[in-house]
Amino acid sequence: MMKPNKSFKKSLLAGIIASGFALVINGIMFFIFFSNGKISNGLKVDVSVPLTMLNVVFSSILPCLIGALLFFTIRKITKRDFGIFIFISIFYVQLSFLKAFFLESEFQYYNTFYAMMHLVDIILLLHFIYNNEGNCLKKSLTIKK
């Protein structure tokens with residue numbers, strides 16, 4: 001097992017790298033949705049806050065960093081850290097897509113966009129955690145008898 005401070009640095013580094021890539025990809029998706037007229041600045045996210053690129057920045061960076069810290073916490077608790085993190089990630093993405101399909105049609109494109117952003121965040125975070133942590137996928141998914 002790795003030392004906790006080294007694992008924390010690697011997990012945080014994976015979160016930072018994933019959030020950088022997620023920011024670029026989600027920014028491109030935002031401009032594609034925006035240029036096609038599927039989402040606009042007139043659509044209010046909150047009562048007084050319009051959907052802008054600033055929302056995309058925070059929605060790209062925060063889930064990656066929170067996910068990296070969650071992975072570090074799971075890693076300290078159990079040896080099957082990556083498998084548990086994959087399960088939590090799939091559950092999180094499913095909740096995002098459920099929200100996209102069960103709200104009224106006025107917000108459907110907006111919620112679909114955010115669900116796709118969460119999917120990008122999770123895929124990138126899983127990729128960079130897997131590559132930074134070594135071959136932990138084999139260790140966490142194999143069942144010892």
Side-chain angles (χ1 to χ4, degrees), residues 2-141:
M2 298 179 134
K3 295 179 183 176
N5 60 354
K6 207 170 188 185
S7 178
F8 177 73
K9 287 178 185 177
K10 285 186 174 186
S11 296
L12 190 60
L13 180 66
I16 291 170
I17 294 171
S19 64
F21 278 99
L23 180 60
V24 171
I25 293 171
N26 290 336
I28 292 170
M29 281 190 339
F30 172 76
F31 289 118
I32 289 171
F33 270 67
F34 188 76
S35 66
N36 288 335
K38 301 301 181 188
I39 56 176
S40 67
N41 284 344
L43 182 63
K44 303 291 186 190
V45 177
D46 198 3
V47 177
S48 62
V49 180
L51 179 63
T52 61
M53 188 61 189
L54 188 62
N55 297 86
V56 175
V57 168
F58 285 119
S59 296
S60 298
I61 293 173
L62 288 178
C64 288
L65 294 178
I66 291 171
L69 293 175
L70 178 66
F71 178 75
F72 172 72
T73 305
I74 294 170
R75 175 157 225 177
K76 286 184 75 171
I77 296 171
T78 182
K79 290 183 180 179
R80 299 191 183 277
D81 47 8
F82 203 75
I84 293 171
F85 188 71
I86 288 175
F87 178 76
I88 292 171
S89 301
I90 291 171
F91 183 72
Y92 175 69
V93 169
Q94 285 178 345
L95 286 179
S96 295
F97 276 101
L98 284 176
K99 181 181 176 188
F101 295 119
F102 285 118
L103 288 181
E104 52 195 64
S105 62
E106 177 186 4
F107 297 108
Q108 187 170 6
Y109 287 116
Y110 163 77
N111 289 321
T112 304
F113 170 68
Y114 266 100
M116 289 172 54
M117 281 180 51
H118 291 147
L119 182 63
V120 167
D121 290 342
I122 292 300
I123 289 172
L124 287 170
L125 186 61
L126 288 173
H127 171 73
F128 286 110
I129 283 177
Y130 176 71
N131 285 340
N132 276 349
E133 296 291 333
N135 199 4
C136 60
L137 180 62
K138 274 187 182 176
K139 293 178 193 172
S140 63
L141 293 179

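The shown structure was predicted, so the numbers you read here are calculated from the model rather than taken from an experiment.
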Could you check F82 against L126 for side chain to side chain contact (heavy atoms under 4.5 Å, CB included), going step by step and ending with a plain yes or no? CA-CA 9 Å; F82 203 75; L126 288 173; 4.2 Å; yes

Atom CZ of F21 and atom CG of D121: how far apart are they, to the nearest 0.5 Å? 13.5 Å

What are the two closest heavy atoms between G67 and F85, and how far apart are they? O-CE1, 3.3 Å

Roughly how far, to the nearest 0.5 Å, is the CE atom of M117 from the CE atom of M29? 6.5 Å

Say you draw a straight line from NZ of K9 to CZ of F72; how long is it, rounded to the nearest 0.5 Å? 11.5 Å

With sequence neighbours excluded, tell me which residues meet side-chain hydrogen bond (donor to acceptor under 3.5 Å, both in side chains) with S96. H118

Flag the pair V56 / F113 as yes when at least one side-chain heavy-atom distance between them is below 4.5 Å, and no otherwise. yes

Set of side-chain contact (heavy atoms from CB on, under 4.5 Å) partners for L12, sequence neighbours left out: F8, I16, L65

Report the residues that fulfil side-chain contact (heavy atoms from CB on, under 4.5 Å) with V24, sequence neighbours left out, ordered by chain and then residue number. I28

L95 side, atom CG; I90 side, atom CD1 - distance, nearest 0.5 Å: 12.5 Å

Is there a side-chain contact between F30 and N55 in this structure, where contact means two heavy atoms from C-beta onward sitting under 4.5 Å apart? no

How would you list, by chain and number, every residue that makes a ring-ring contact (aromatic ring centres under 6.0 Å, His included) with F97, sequence neighbours excluded? none

Taken to the nearest 0.5 Å, the spacing of R80 CZ from I86 CD1 works out to 12.5 Å

Heavy-atom check, side chain of I77 versus side chain of I84, under 4.5 Å: no

Contacts of I25 that satisfy side-chain contact (heavy atoms from CB on, under 4.5 Å) - sequence neighbours left out: V120, L124

Working to the nearest 0.5 angstrom, can you tell me the gap between L69 CG and T73 OG1? 6.5 Å

Taking all heavy atoms of C64 and all of G15, pick out the closest pair and write down the distance. CB-O, 3.6 Å

By side-chain hydrogen bond (donor to acceptor under 3.5 Å, both in side chains), which residues pair with S60, not counting sequence neighbours? N26

Does S11 reach the side chain of I129, with side-chain heavy atoms less than 4.5 Å apart? no

Closest non-hydrogen atom pair, P63 against L125: O-CD2, 4.4 Å

